[in-house]
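Only one structure is covered here, and it is reproduced in the block below.
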Amino acid sequence: MSTALNLICENRPGVLRDIAGVVASLGGNIEYTQQFVLERGVHRGKATVYMEIDQLAAGMVEDLEALPSVMEVTVHQSFDEIYGSRVIIIGGGAQVAQAAVGAVNEADRHNLRGERISVDTIPLVGEDPIADAVNAVGRLHRASVLVLAGALMGGRISDEVQRLQEEGIPVIALKMAGSVPRRADLVVTDPIQAGTFAVMHVAKTAIFDINRVRGMEF
């Protein structure tokens, strides 16, 4: 498992280069990183750099703390250990809410057994906003499955669904108007059941594989 480091740094050019140089010099491989400027709290205006490293070498924390631009280094569990696999739900407000109910209830059942599955939702209206959101799923860390919950989806959304599937992320769609259901891996009429299926596909303790029912409608 990866080890996570969170650094509070000065917000200036070259900081990420210096940090990566220290990690590389000690044989560490950065498997995931994110950086943003803090907008609140005691470190407001400073940058935070979060990294997941394949191995935390002896002295790495101390060497990072010794960098002039770094003010604080803390060690944490990785996002995978804390939040686990992510189920993403996109679409209309009412349908998203119902799909989320099914996903959260099913995730709770598996998380009680020791798994870690999280659910992310965003209600959106319009072809372009939804298509842009579907496109972004492929860039989300630990995204495992997408549920499209709405009454009408097609056009650019269908194109982005196909691209996402090519990246290895399956798509579950509600039964709706438009071309998305024809592109989806699975079509489900009930939004609660759609959310449940999505989590069952991700869960290691569930006996369900979307590949065995691909193209079917429930």
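Considering every non-hydrogen atom in both N11 and G45, the closest pair reads CB-O, 3.7 Å. The two residues A149 and A99 come nearest to each other via the heavy atoms CB-CB, 4.4 Å. Pairing each heavy atom of P170 with each of S144, the nearest pair is CD-O, 3.3 Å. In this structure, P68 and E10 approach most closely via the heavy-atom pair O-OE2, 3.8 Å. In terms of heavy atoms, N29 sits closest to V23 at N-CG1, 4.4 Å. Closest heavy-atom contact between S2 and S78: O-CB, 4.0 Å.
Side-chain atoms of M176 and P181, non-hydrogen and from C-beta on, do get closer than 4.5 Å to each other. Contact check for K175 versus V188: no side-chain heavy atoms found under the 4.5 Å cut-off. A heavy-atom distance below 4.5 Å is found between the side chains of L26 and D63.
R113 and E115 are not joined by a salt bridge, as no carboxylate oxygen comes within less than 4.0 angstrom of a charged side-chain nitrogen. With respect to the salt-bridge test (charged N to carboxylate O, under 4.0 angstrom), the residues R156 and D132 qualify. Using a cutoff of 4.0 Å between basic side-chain nitrogens and carboxylate oxygens, R163 and E160 are scored as salt-bridged.
In this structure, a donor-acceptor pair under 3.5 Å is absent between the side chains of S69 and D18.
Dense packing is recorded around CD of E167, with more than 12 heavy atoms of other residues, nucleotides or ligands lying under 6.0 Å away. Counting non-hydrogen atoms of other residues, nucleotides and ligands closer than 6.0 Å to CZ of R44 gives a total of 12 or fewer.
Taking the six-membered ring where tryptophan is involved, the planes of F218 and F197 are tilted, since the angle between them lies from 30° to 60°.
For the ring-ring contact (aromatic ring centres under 6.0 Å, His included) condition, the pairs that include at least one residue of residues 62-104, sequence neighbours left out, are Y50-F79.
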Quiz item: Would R86 and S118 satisfy side chain to side chain contact (heavy atoms under 4.5 Å, CB included), going step by step from the backbone distance to the final call?
Solution: CA-CA 5 Å; R86 299 170 71 179; S118 55; 3.5 Å; yes
Self-check item: Check against side chain to side chain contact (heavy atoms under 4.5 Å, CB included), Q95 and L174
Solution: CA-CA 9 Å; Q95 292 97 330; L174 296 190; 3.8 Å; yes
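In this view, H43 satisfies the ring-ring contact (aromatic ring centres under 6.0 Å, His included) rule with no residue, not counting sequence neighbours. Residues forming a salt bridge (Lys or Arg N to Asp or Glu O under 4.0 Å) with R182 (at least two apart in sequence, or on another chain): none.
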